Amino acid sequence: MRPGFEDDKNPTLAARRAAVLRGRASWYGRDHQGMRTSSGERFDRNKFTCAHKTLPFGTKLRVTNPETQASVVVRVSDRGPFRHQRILDLSEIAARPLGIVDHGAVSVLAEIVPDDTPLGPTDAPADLALLVDDPTIATEAGYHTDIRTGATEADDIAVLPEPAATYVVQAGTFGDVRNAQAMMNRIQSLDPKLLVTTVATNTPDGKTLNRVVVGRFATPAEAKAVCQRLVKVGVVGMVRQGENL
């Protein structure tokens, strides 16, 4: 038995592992500055926040780059990421110490920490090496990912199975992020319960397109129903699979 795994039946150790995620993390910054997040607050790239698909808003995470052992504590304030099978999107100020801004995405280990933990740069977990090497720690939805030092984006994607299909309503594509924000505000004013986000992509000529995306639906029928509701108030959209945006 490998050192560090003798206490597999220890409930305290089991709880610790259940509070840890491993996978790829990316970031978002200036293009989203001031936009309303899924929690309702305005995004600020200079605050230590992150997006996660399911963790309750306000949850604090210690996020560590195992390669450099740099760590930051962030607070969940948004939903995502919805592309590239990543587990977190970090604000710019949180992503910089981890090297995410320089590389676009890196492999990280994220651990849920107490609510009174201060936000910002912090020390890496004392047992980081054991956590990195523990095969029982999974990313969300039970996906296991390889977080070995130097792993590439392609390496991580090869380890993860394809997620279940999800559907969204694409409610417009805008070159000016301010127009995208105006459309988001319009939709949210119609129904504050709807999840409305933007997906920024680059065209071959270097221009940025901002797609306004509504919801995450398990079936196309659910997405179509919302799409029809939006059409009635003058917002024309289309149903698409989330990963194909």
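Please read all numbers here as calculations on a predicted model, not as lab measurements.
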Answer yes when Arg75 and Glu41 have at least one side-chain N-carboxylate O distance shorter than 4.0 Å, and no when they do not. yes
For the pair [X] (side chain) and [Y] (backbone), establish whether a donor and an acceptor sit closer than 3.5 Å, ignoring hydrogens and angles.
| X | Y | result |
| --- | --- | --- |
| Gln33 | Arg45 | yes |
| His52 | Thr54 | yes |
| Lys53 | Pro81 | yes |
| Asn210 | Phe174 | yes |

Can you measure from [atom1] ([X]) to [atom2] ([Y]) and round to the nearest 0.5 angstrom?
| X | Y | atom1 | atom2 | result |
| --- | --- | --- | --- | --- |
| Arg240 | Arg211 | CZ | CZ | 6.0 Å |
| Lys47 | Glu92 | NZ | CD | 15.5 Å |
| Thr49 | Lys60 | OG1 | NZ | 12.5 Å |
| Thr173 | Asn179 | OG1 | CG | 12.0 Å |
| Arg62 | Ile112 | CZ | CD1 | 12.5 Å |
| Trp27 | Ser91 | CH2 | OG | 10.0 Å |

Considering non-hydrogen atoms only, spot the tightest contact between Met184 and Val196 and give its length.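 In this case the closest contact between Met184 and Val196 is CE-O, 3.4 Å.
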Looking only at non-hydrogen atoms, find the nearest pair between Pro66 and Val132 and report the distance.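 The pair with the smallest heavy-atom distance is CB-CG2, 3.8 Å.
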Checking side-chain contact (heavy atoms from CB on, under 4.5 Å) between Val214 and each of Leu195, Val239, Val226, Val235, which is the one that passes?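 It is Val226; the other options fail the test.
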Taking Asp78 as the fixed residue, which of Cys50, Ser39, Ser38 is the one that meets the side-chain contact (heavy atoms from CB on, under 4.5 Å) rule? Ser38
Looking at side-chain heavy atoms only, is the closest gap between [X] and [Y] below 4.5 Å?
| X | Y | answer |
| --- | --- | --- |
| Leu98 | Val63 | yes |
| Val113 | Val73 | yes |
| Glu222 | Tyr167 | no |
| Pro121 | Phe48 | yes |
| Leu61 | Leu88 | yes |

With a 6.0 Å cut-off (strictly less than), is the heavy-atom count around CG of Asp176, excluding the residue itself, greater than 12?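 Counting other residues, nucleotides and ligands, CG of Asp176 exceeds 12 neighbours.
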Counting only heavy atoms from other residues, nucleotides and ligands, does the tally under 6.0 Å from CG of Asn185 exceed 12? yes
Indicate if [X] and [Y] have the same hydrophobic cluster label, given that clusters are the connected sets of ILVMFWY residues with side-chain heavy-atom separations under 4.5 angstrom.
| X | Y | result |
| --- | --- | --- |
| Tyr28 | Val72 | no |
| Leu119 | Ile100 | yes |
| Val213 | Leu209 | no |

State which residues pass side-chain hydrogen bond (donor to acceptor under 3.5 Å, both in side chains) with Thr117; sequence neighbours excluded, sorted by chain then number.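 In terms of side-chain hydrogen bond (donor to acceptor under 3.5 Å, both in side chains), with neighbours along the sequence ignored, Thr117 is linked to no residue.
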So, using side-chain hydrogen bond (donor to acceptor under 3.5 Å, both in side chains) as the criterion, who are the partners of Thr197 when residues are at least two apart? none
Step by step, would you call Leu109 with Leu21 a side chain to side chain contact (heavy atoms under 4.5 Å, CB included)? CA-CA 6 Å; Leu109 184 142; Leu21 300 173; over 6 Å; no
Could you walk me through whether Ser107 and Arg24 pass the side-chain hydrogen bond (donor to acceptor under 3.5 Å, both in side chains) test, one step at a time? CA-CA 4 Å; Ser107 295; Arg24 300 286 282 182; 3.3 Å; yes
Distance-only polar pair, side chains of Ser26 and Arg86, donor-acceptor under 3.5 Å: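 Yes, Arg86 and Ser26 have a side-chain donor paired with an acceptor closer than 3.5 Å.
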When the ring planes of Phe43 and His32 are compared, do they come out parallel, tilted or perpendicular, using 30° and 60° as the limits? perpendicular
Can you spot which of Asn65, Thr122, Thr64 makes a side-chain hydrogen bond (donor to acceptor under 3.5 Å, both in side chains) with Ser71?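 Answer to the side-chain hydrogen bond (donor to acceptor under 3.5 Å, both in side chains) test with Ser71 among Asn65, Thr122, Thr64: Thr64.
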